[in-house]
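I have placed the structure first, in the form of structure tokens, so that the comments after it can refer back to it.
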Amino acid sequence: MFSANDHHYMSLALRLAERGLYTTDPNPRVGCVIVRDDVVVGQGWHRAAGEPHAEIHALQQAGDKARGASVYVTLEPCSHHGRTPPCAEALINAGVARVVVAMQDPSPKVAGQGIDLLKSGSIGVGVGLLQPQAEALNPGFVSRFNRGRPYVRCKLAMSLDGRTAMASGESKWITSESARADVQKLRASSSVILTGIGTVLADDPRMNARLDCEVKQPDRVVLDTNLRMSAKARMIAQPGITWLAHHCQDQDKQAVLEQSGARMLTLASKEDRIDLHALLSALHDLEYNEVLVEAGPTLSGAFLQAGLIDELIVYLAPHLMGHGGRALLHLPGIESMQQRIALRMTDVRHVGDDLRLTYTLA
């Protein structure tokens, strides 16, 4: 159904889509290539929400050469009027002959309607070329519509003997400068960074992405059941939104924190802890695609035991911290080998002197 040339041009479209990795949220990353007589006449990618989609950039570059051309796009062209006009209509009006789509749009606003619109305009349409690669570019966008919750990554760092801090709490730095720089890329590709109030009180982190390129800064969520957050916490002053997930009834505390710039996310709790399922449902409603959990062993362990971690990323440093150090995860209730939580490794690579290990739940 698809030729070698089709694969080549869709691969190019996927590489273009990657350019929006840090900027398009909450929209998906999309690339588009227009080819006529085996020559690329137009290409583009979606840069940011509210700006033209990938197809429009490619059509503008192609101009009249788009007529009779083949179009390769990593996500189904939209069919509705949102912040921008429908891309499917623009392709029809440009007179393209064929559109190859990597994956159907999971959003109910599109969900096959863009493909149907193209076909009604007598355009040949092929769907499914390099679909797994297209889905991998937008795991959160796909998860939000198909599963009703964001895609969740959990980032951890440990020594070779599985320690995340000394018994005193000292932890700077477990990993190398290269590994810490790599974490900035994880942050930049995330919609929101999630942590616990214990981490905030101990470290007063900014929880932002520090890269030398254009980045739409992720928002932040702090699980702060009883609103112990300081109104002067550094993350509140960062670009974007700082949400405090709580179930505190103290209106004075809420007022002080809201005046400082924080926003309240009142959620149900279980045994005086935020219901993590309810939390992810709320983040879905706020249109967050990808969540990065950067928390201590208790909260990270709770996410893992609840089966809510889609991707576990562990930076392994080549040193030993001793048996008195703090463990990677708090996982109460595991007392026998049969109760082990099985993981499947999906990637391993060197980052400086460290290893970055990526797992999914088996």
Side-chain angles (χ1 to χ4, degrees), residues 25-26 28 106 135-158 162 164 183 186-200 205 207 218-225 241-247 265-315 327-335 338-347 356-362:
D25 202 78
E135 291 177 343
L137 267 177
N138 294 293
F141 187 76
V142 173
S143 177
R144 187 156 59 88
F145 289 109
N146 289 349
R147 299 191 298 171
R149 71 165 180 83
Y151 188 87
V152 180
R153 295 183 180 92
C154 180
K155 185 276 294 182
L156 299 164
M158 69 177 186
T164 62
V183 170
L186 284 179
R187 289 181 175 183
S189 64
S190 302
S191 312
V192 63
I193 301 172
L194 187 151
T195 194
I197 186 60
T199 296
V200 176
M207 290 293 185
D219 291 341
R220 298 154 298 279
V221 175
V222 180
L223 272 68
D224 186 9
T225 309
I241 300 170
T242 297
W243 295 97
L244 302 183
H246 74 101
H247 69 165
L265 197 59
T266 307
L267 296 171
S269 64
K270 289 183 178 180
E271 300 177 355
D272 202 39
R273 291 188 177 182
I274 296 297
D275 184 331
L276 299 183
H277 289 87
L279 172 62
L280 291 186
S281 179
L283 297 182
H284 162 271
D285 294 342
L286 291 167
E287 297 189 336
Y288 290 123
N289 291 326
E290 298 176 31
V291 176
L292 178 63
V293 177
E294 283 198 61
T298 300
L299 182 54
S300 298
F303 265 96
L304 190 64
Q305 287 193 303
L308 296 175
I309 298 296
D310 297 304
E311 205 171 306
L312 184 65
I313 300 171
V314 181
Y315 291 89
L328 182 69
L329 293 164
H330 180 61
L331 300 171
I334 298 180
E335 299 176 353
Q338 288 185 334
Q339 294 174 307
R340 291 175 297 175
I341 299 174
L343 303 174
R344 181 173 65 89
M345 181 178 285
T346 59
D347 186 67
R356 189 181 76 184
L357 311 173
T358 303
Y359 300 91
T360 59
L361 290 175

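Keep in mind the model is a prediction, meaning the values are calculated, not measured. Residue numbers start at 1 and run along the sequence shown.
Side chains of His247 and Thr266: no donor on one and acceptor on the other come within 3.5 Å. Side chains of Ser191 and Asn289: a donor-acceptor N/O pair is absent below 3.5 angstrom, by distance only.
Taking every heavy atom of both residues into account, Glu294 and Ile193 meet most closely at OE2-CG2, 4.1 Å. Here the shortest heavy-atom pairing between Val183 and Lys155 reads CG1-CE, 3.9 Å. Of all non-hydrogen atoms in Ile309 and Cys154, the two that sit nearest each other are CD1-CB, 3.5 Å. Here the shortest heavy-atom pairing between Pro150 and Val291 reads CB-CG2, 3.7 Å. Between Arg153 and Pro139 the shortest heavy-atom distance is NH2-CG, 3.8 Å. Looking at every heavy atom in both residues, Glu290 comes nearest to Ser189 through OE1-O, 3.2 Å.
Here the CG-CZ distance, from Leu223 to Arg273, works out to 10.5 Å after rounding to the nearest 0.5 Å. In this structure, CD1 in Ile197 is found 11.5 Å from CG in Leu299, a value given to the nearest 0.5 Å. Taken from CG in Asp347 to CD1 in Ile313, the straight-line distance is 9.0 Å, to the nearest 0.5 Å. The CG atom of Leu343 lies 6.0 Å from the CG atom of Leu312; values are rounded to the nearest 0.5 Å. Taking CG of Leu244 as the reference point, atom CZ of Arg220 lies at 10.5 Å (rounded to 0.5 Å). Summarising the geometry, atom CZ belonging to Arg144 is positioned 10.0 Å from atom CG belonging to Asp285; distances are rounded to the nearest 0.5 Å.
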Carefully, step by step, assess Leu279 and Phe303 under the rule side-chain contact (heavy atoms from CB on, under 4.5 Å). CA-CA 11 Å; Leu279 172 62; Phe303 265 96; 4.2 Å; yes

Might you work through the side-chain contact (heavy atoms from CB on, under 4.5 Å) test for Leu265 and Leu286, ending with a clear yes or no? CA-CA 11 Å; Leu265 197 59; Leu286 291 167; 4.2 Å; yes

For Asp310 and Arg147: C-alpha separation, side-chain torsions, deciding distance, then whether side-chain contact (heavy atoms from CB on, under 4.5 Å) applies. CA-CA 12 Å; Asp310 297 304; Arg147 299 191 298 171; 3.0 Å; yes

Under the side-chain contact (heavy atoms from CB on, under 4.5 Å) rule, what do Leu194 and Val152 come out as? Steps first, then yes or no, please. CA-CA 10 Å; Leu194 187 151; Val152 180; over 6 Å; no

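In terms of modelled atom types and a separation under 3.5 Å, the side chain of Asn138 and the main chain of Phe141 share no donor-acceptor contact.
Leu156 pairs with exactly one of Thr164, Val293, Leu328 by the side-chain contact (heavy atoms from CB on, under 4.5 Å) rule, that one being Leu328.
The side-chain heavy atoms of Met207 and Arg187, taken from C-beta on, include a pair separated by under 4.5 Å.
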